[in-house]
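Let me begin by presenting the structure, written as structure tokens, before commenting on it.
Chain letters run A, B, ... following the sequence lines, proteins first, then strands; residues in each count from 1.
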Amino acid sequence: MPTLKRPGDPLAPVKLAQFLLKPKHKISSLDDSIRILKVAADTKDLKLGKIIHAQLIISNQTSTDTDITRTNSLISLYVKCDQVSIARQLFDRMRKRNVVSWSALMAGYLHNDHALEVLGLFKSMVVVDNICPNEYILTTVLSSCSDSGRVEEGKQCHGFVLKSGMVFHQYVKNALVHMYSRCLEIEGAMHVLNMIPGYDIVSYNSVVNGLLENGHLKEAIEVLSMMVDDHVTWDSITYVTIFGLCARLKNLRLGLEVHGRMLKTEVECNAYVSSAIIDMYGKCGRIINAMKMFGCFQTRNVVSWTTVMDAYFQNGYFEEALNLFSKMRLEGVMPNEYTFAILLNSSACLSALRHGDLLHASAEKSGLKNHIIVGNALINMYTKSGNIEAANKVFTNMIKRNCITWNAMISGYSHHGLGKEALNVFQDMLAVGECPDHVTFVGVLSACAHLGLVQQGFYYLNHLMKQIGIEPGVEHYTCIVKLLSRAGQLDEAENYMRSVPVKWDVVAWRTLLNASHVHRKYSLGRRIAEIVVAMDPNDVGTYILLSNMYAKERRWDGVVKMRKLMRDRNIKKEPGVSWVEIRNTTHVFISEDSLHPESSQICKKVGELLAMIKPLGYVPDIAAVLHDVEDEQKEDYLSYHSEKLAIAYSLMKTPCEAPIRVIKNLRMCDDCHSAAKLIAKATNRMIIIRDANRFHHFKDGCCSCTDYW
DNA sequence: GTAGGGTTAG
């Protein structure tokens with residue numbers, strides 16, 4: 001048969017059908033129709049398959065035996081084209097079925113994530129139709145046991161496989177090894193593997209993957225070295241697995257070695273292998289290698305595109321990740337749910353609300369928005385972009401949720417200082433029977449800290465977590481430090497840190513440092529700052545905080561000392577940068593500079609706003625200004641802080657009912673914080689600022705952080 | 001005519 005189907009030609013099936021319908025090529029024999037149906041099934045060409053199906057109905061040849069084989073071919077066609085319900089209808093209408101009919105349908109359910117349906121069919125086949133299962137059936141049934149984690153049924157199959165002698169059949173044996181590996185019965189897997197002389201790479205791959213999937217990296221490496229000892233030749237799947245292992249370990253050296261070894265062999269570098277290599281380089285921080293590999297691979301599909309986007313994302317190149325999307329579309333590659341998840345996360349890291357909105361619409365158009373990972377990424381994007389209401393809307397409308405969905409919403413509310421809402425979501429999570437994990441409790445304990453619920457926080461840590469079986473980590477203990485600190489119990493917080501035997505990290509100490517600053521416990525603060533500086537000598541934030549504390553005590557010697565220390569250690573203060581999205585443009589404001597084209601109008605507006613809020617109680621925090629200048633000038637410096645410029649510009653350019661969303665690179669300063677509260681009140685606007693640590697919702701003269709950040 | 005191991009997310 002000549003090659004008729006050119007890739008990408010939508011008329012190809014029609015042309016082929018026309019060709020087949022010409023007299024001399026008319027489907028006359030059984031062989032012809034079955035052969036073409038197989039081609040249609042293998043190429044997933046549903047249109048072609050349906051044409052043949054129609055032909056068969058018209059020609060209506062009814063001998064039962066040929067009917068069975070043809071219907072089996074049709075079942076296989078619909079199954080491979082993901083039309084299991086059509087396949088089931090055909091199956092149900094058959095007057096007589098044979099073992100192939102059953103196995104074709106079972107394979108369909110297996111590959112469409114209905115493993116349990118396969119086990120049900122298996123029972124009916126044996127009990128109702130009294131058919132003896134063959135090696136095809138057992139391979140499929142064992143795979144279904146793997147997918148659904150039904151070890152008991154799998155073991156029963158093992159017994160039957162031993163009795164029938166099918167254990168010597170390679171596919172059956174592999175399915176058995178895979179079943180034990182997936183269900184983490186490694187001894188069972190190794191037993192079957194070693195029982196039969198000679199090795200099989202498929203079984204070895206199953207064992208290694210089973211171990212890796214369950215986090216047993218050490219044992220996986222042991223099996224790999226066993227393979228080296230036994231001179232088992234690695235195939236492309238082994239390489240995919242090992243690159244995955246290197247990626248997880250972030251072990252570049254091993255990755256390079258394996259890549260080098262692969263290049264010396266004849267192993268085919270298909271889309272799976274190339275994606276695994278890109279992923280390995282991306283996760284090991286080698287974005288340049290990842291890009292190079294992506295550029296030179298011929299086999300690019302949606303996964304390799306998505307993997308390279310993820311490599312950019314993982315290494316902090318969010319804009320580059322987003323830019324790849326249009327390039328991918330230009331090559332005619334359709335995104336999948338993973339693509340959207342990564343793009344939305346990139347957009348989240350830029351707080352690019354507008355871009356995120358467009359991606360949301362795009363995901364909806366592609367019919368992918370109902371995937372859990374897309375929903376989760378949407379919640380993450382909206383919370384990080386400052387639109388918590390939109391996040392909640394996505395959350396409420398999700399058809400299916402998992403633990404990560406709940407976590408995203410709980411920690412989202414917590415980051416926005418909405419502790420009550422976070423705890424409500426947590427209660428709902430428990431009510432629907434979703435099991436919390438260690439991430440959930442970080443969000444929950446943070447919420448307790450916001451609300452000052454000391455006892456409740458301790459209850460969650462000491463009882464609920466224990467009850468669920470989650471070992472608290474340093475991140476949870478840090479939440480307790482925050483909890484005590486926020487409640488003003490600073491001495492208790494410090495004692496807690498000194499008495500709990502956990503390896504406290506710099507984050508924990510900085511929590512206590514922040515607390516000392518907020519509660520104006522400056523001598524404690526200076527003591528803690530020493531610890532923080534010792535742990536992280538390059539953290540600018542600590543030096544600034546320490547300077548601030550000295551300044552508030554009017555201890556200018558301390559301020560001078562800090563500035564000298566920063567100079568000596570060559571630590572430069574990152575300039576404050578704020579940005580806002582207005583319609584399609586992002587406007588960037590840098591403290592104390594006048595690069596914006598409308599700079600003078602903006603400064604004028606800031607002046608007006610500050611004059612407007614002075615009668616409401618605004619007092620410029622001139623003590624915080626480090627410059628050696630007169631007090632009036634210090635007031636000027638404060639008014640050029642980037643977030644004030646951004647707020648003023650937004651007020652000039654947006655309609656009066658729209659909320660103002662500002663993103664800032666550093667922690668907000670005290671002065672801007674009190675100014676923002678009063679500007680929100682005076683102008684009757686909602687102002688949402690995302691700083692380096694959290695969200696601040698300013699409304700009616702108050703902030704959601706209750707002045708604690 | 002039916003069957004086995006693999007890549008991307010939070």
**OP:** Please answer whether B:dG6 and A:Y272 are stacked, defined here as ring centres separated by less than 5.5 Å and planes angled under 30°.
**Re:** yes
Would you tell me if any nitrogen or oxygen in the side chain of [X] comes within less than 4.0 Å of OP1 or OP2 on [N]?
X: A:S275; N: B:dT8; answer: no
X: A:Q170; N: B:dG5; answer: no
X: A:N345; N: B:dG10; answer: yes
X: A:K283; N: B:dA9; answer: yes

**OP:** Kindly point out which of B:dG5, B:dG10, B:dA9 is positioned nearest to the side chain of A:N402?
**Re:** B:dG10
**OP:** Just compare B:dG1, B:dA3, B:dT8 and give me whichever is closest to any side-chain atom of A:H111.
**Re:** B:dA3
**OP:** Give a yes-or-no answer on whether the side chains of A:N209 and A:S206 include a donor-acceptor pair shorter than 3.5 Å.
**Re:** no
Heavy atoms under 4.0 Å, any strand shown: does [X] hit a base, just sugar-phosphate, or nothing?
X: A:N376; value: base
X: A:A276; value: nothing
X: A:A41; value: nothing
X: A:I342; value: sugar-phosphate
X: A:I201; value: base
X: A:T405; value: nothing
X: A:T241; value: nothing
X: A:N98; value: base

